[in-house]
Amino acid sequence: MVVYIDLIFLMNLLIDAALLAVTAWLRKRKVVYWRLGLSAVVGASYVVMMFLPALSFLFTFLVKFLFSVVMLWIAFGFGGLQHYLRNLGAFYMVNFAAAGGIIGIHYLLQSSSEIWNGIWYSASGGLGFSLQVGAVFTLVLFAIVLFWFKGVVSTRRRQEMMTSYLADIQVRIGDAVVNCTGLIDTGNQLTDPLSRLPVMVMEASLWKNFLPDLEGGEGRGNQADNLIVKWTEDESFPWRDRLRLVPFRGVNKGSQFMLALKPDEVAVRKDGGEFITSRVLVGLDGGSLSAEGRFQAIIHPALIEDSAESGSSKGTETASPSGAAGPPFNGYAKSG
């Protein structure tokens, strides 16, 4: 059998460098390329040692662990014991995720005969498995698994960040009460140009039991013009004096109109605090504000700021949610 040590070294060099780069991304560490490259060289050199019989004593758990410790020290420095242990934990988590992904995908692609041919039994009754994976196949799967891993972690981070800006909302108009989850968006500056009231956007479907002939897609553009005329002329509709037409600029920067309602009261509850205000308009959006259904409303930051300044907030407030810059919602801009 011919073994190409240079190819083995190069392949492990690339793998170690990728693992260290993903670890740096996961820990939000600045990558110093020469340190990362030197650390990858140390890791790849260890693999080459297994072809030297005189160094076979190095292939123990303790030596393998010490090599990983040295690699992380070279790549990221020490920076304190707690900091170093977190780097070590992230490094092994990335390693295990990559190795498990490669083995799992390889298993899915194998036929039943290949799986059974790789199983063997020892004389003492033990069960073993042999796994043969090509170098190119390993590199391709390794890249796919790491890309997949980064995507899962990024999605998780976005969800956790968004959760910190979610709040419970209760809107009351007369005897009608609607409850939903809203996203506090400090980038939302939509206001009514006439009354200067802030506009909180809600999915129109939440009001389908109280508004006549409300169908999906209505509430904006030409549909808003038609609806406000239709409902204003309907003498049986009790909320005629609450209807408003709010201009805004959409994502495409085009001027549009949104149908809005003047509520009696809006309550925003978050982190044990309750902010209540009546100085707000509720805009109706005919679509879905969240593709994953995590929230059904966009909360204007003024709802919390005005309530807190006027002393109408209740409960215990550990921090004002409007003090942090929330994730921007690009659907609406300040009305002109």
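On a predicted model such as this, the values are computed, not experimentally measured, just so you know.
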**Student:** Would Val201 end up clustered with Leu194 when hydrophobic side chains under 4.5 Å apart are linked, directly or stepwise?
**Tutor:** no

**Student:** Between Ser39 (side chain only) and Met71 (backbone N and O only), is there a donor and an acceptor less than 3.5 Å apart?
**Tutor:** yes

**Student:** Indicate yes or no for a side-chain donor-acceptor contact from Lys262 to the backbone of Ser278 under 3.5 Å, with no hydrogens or angles considered.
**Tutor:** yes

**Student:** Could you tell me whether a side-chain N or O of Lys270 sits under 3.5 Å from a main-chain N or O of Leu166, the two making a donor and an acceptor?
**Tutor:** yes

**Student:** Is the shortest side-chain N to carboxylate O distance from Arg242 to Asp264 below 4.0 Å?
**Tutor:** yes

**Student:** With a 3.5 Å cut-off and sequence neighbours excluded, list the donor-acceptor pairs that the side chains of residues 167-180 form with protein atoms.
**Tutor:**
residue	atom	partner	partner atom	Å
Gln170	NE2	Asn179	OD1	3.1

**Student:** Under 4.5 Å between side-chain heavy atoms, hopping through other hydrophobics if needed: is there a path connecting Leu66 to Phe78?
**Tutor:** no

**Student:** Within the distance-only criterion (no hydrogens, no angle test), does the side chain of Arg244 pair as donor or acceptor with the backbone N or O of Asp241 below 3.5 angstrom?
**Tutor:** yes

**Student:** Look at the side chain of Asp285 and the backbone N and O of Gly287, then say whether any donor-acceptor pair between them is shorter than 3.5 Å.
**Tutor:** yes

**Student:** Quick one, Val199 with His300, criterion side chain to side chain contact (heavy atoms under 4.5 Å, CB included). Give me CA distance, side-chain angles, the key distance, then yes/no.
**Tutor:** CA-CA 6 Å; Val199 179; His300 197 293; 5.6 Å; no

**Student:** Treating Thr232 as the side-chain partner and Ile228 as the backbone partner, does any N or O pair qualify as donor plus acceptor under 3.5 Å?
**Tutor:** yes

**Student:** Are any of the side-chain heavy atoms of Pro247 and Pro193 separated by less than 4.5 Å?
**Tutor:** yes

**Student:** With clusters defined by side-chain heavy atoms of hydrophobic residues (ILVMFWY) lying less than 4.5 Å apart, directly or transitively, does Leu88 cluster with Phe96?
**Tutor:** yes

**Student:** If we only count heavy atoms from C-beta on, is the Phe237 to Leu211 side-chain gap below 4.5 Å?
**Tutor:** yes

**Student:** If you group Ile, Leu, Val, Met, Phe, Trp and Tyr by side-chain heavy-atom gaps below 4.5 Å, do Phe65 and Val94 land in one group?
**Tutor:** yes

**Student:** Do Leu38 and Phe67 belong to the same hydrophobic cluster, where Ile, Leu, Val, Met, Phe, Trp and Tyr are linked whenever their side-chain heavy atoms lie under 4.5 Å apart, directly or via other members?
**Tutor:** yes

**Student:** For the residue pair Glu274 and Val268, establish whether any side-chain heavy-atom pair is separated by less than 4.5 Å.
**Tutor:** no

**Student:** What is the ring orientation for Trp239 with Trp207, classed by angle as parallel under 30°, tilted 30 to 60°, or perpendicular over 60°?
**Tutor:** perpendicular

**Student:** Would His83 and Arg27 satisfy side chain to side chain contact (heavy atoms under 4.5 Å, CB included), going step by step from the backbone distance to the final call?
**Tutor:** CA-CA 10 Å; His83 172 79; Arg27 292 282 295 128; 3.5 Å; yes

**Student:** Can you tell me if Arg35 uses its side chain to pair, donor with acceptor, with the backbone of Trp73 under 3.5 Å?
**Tutor:** yes

**Student:** Rounded at 0.5 Å granularity, tell me how far CZ in Phe76 sits from CZ in Phe91.
**Tutor:** 8.5 Å

**Student:** Report the C-alpha distance between Ile299 and Tyr165 in whole Å, list the side-chain angles of each, state the deciding distance to 0.1 Å, and finish with yes or no for side chain to side chain contact (heavy atoms under 4.5 Å, CB included).
**Tutor:** CA-CA 10 Å; Ile299 305 174; Tyr165 296 106; over 6 Å; no

**Student:** Can you measure from NZ (Lys150) to CH2 (Trp25) and round to the nearest 0.5 angstrom?
**Tutor:** 6.0 Å

**Student:** I need the minimum non-hydrogen distance between Ala40 and Leu20, along with the two atoms involved.
**Tutor:** N-CD1, 4.0 Å

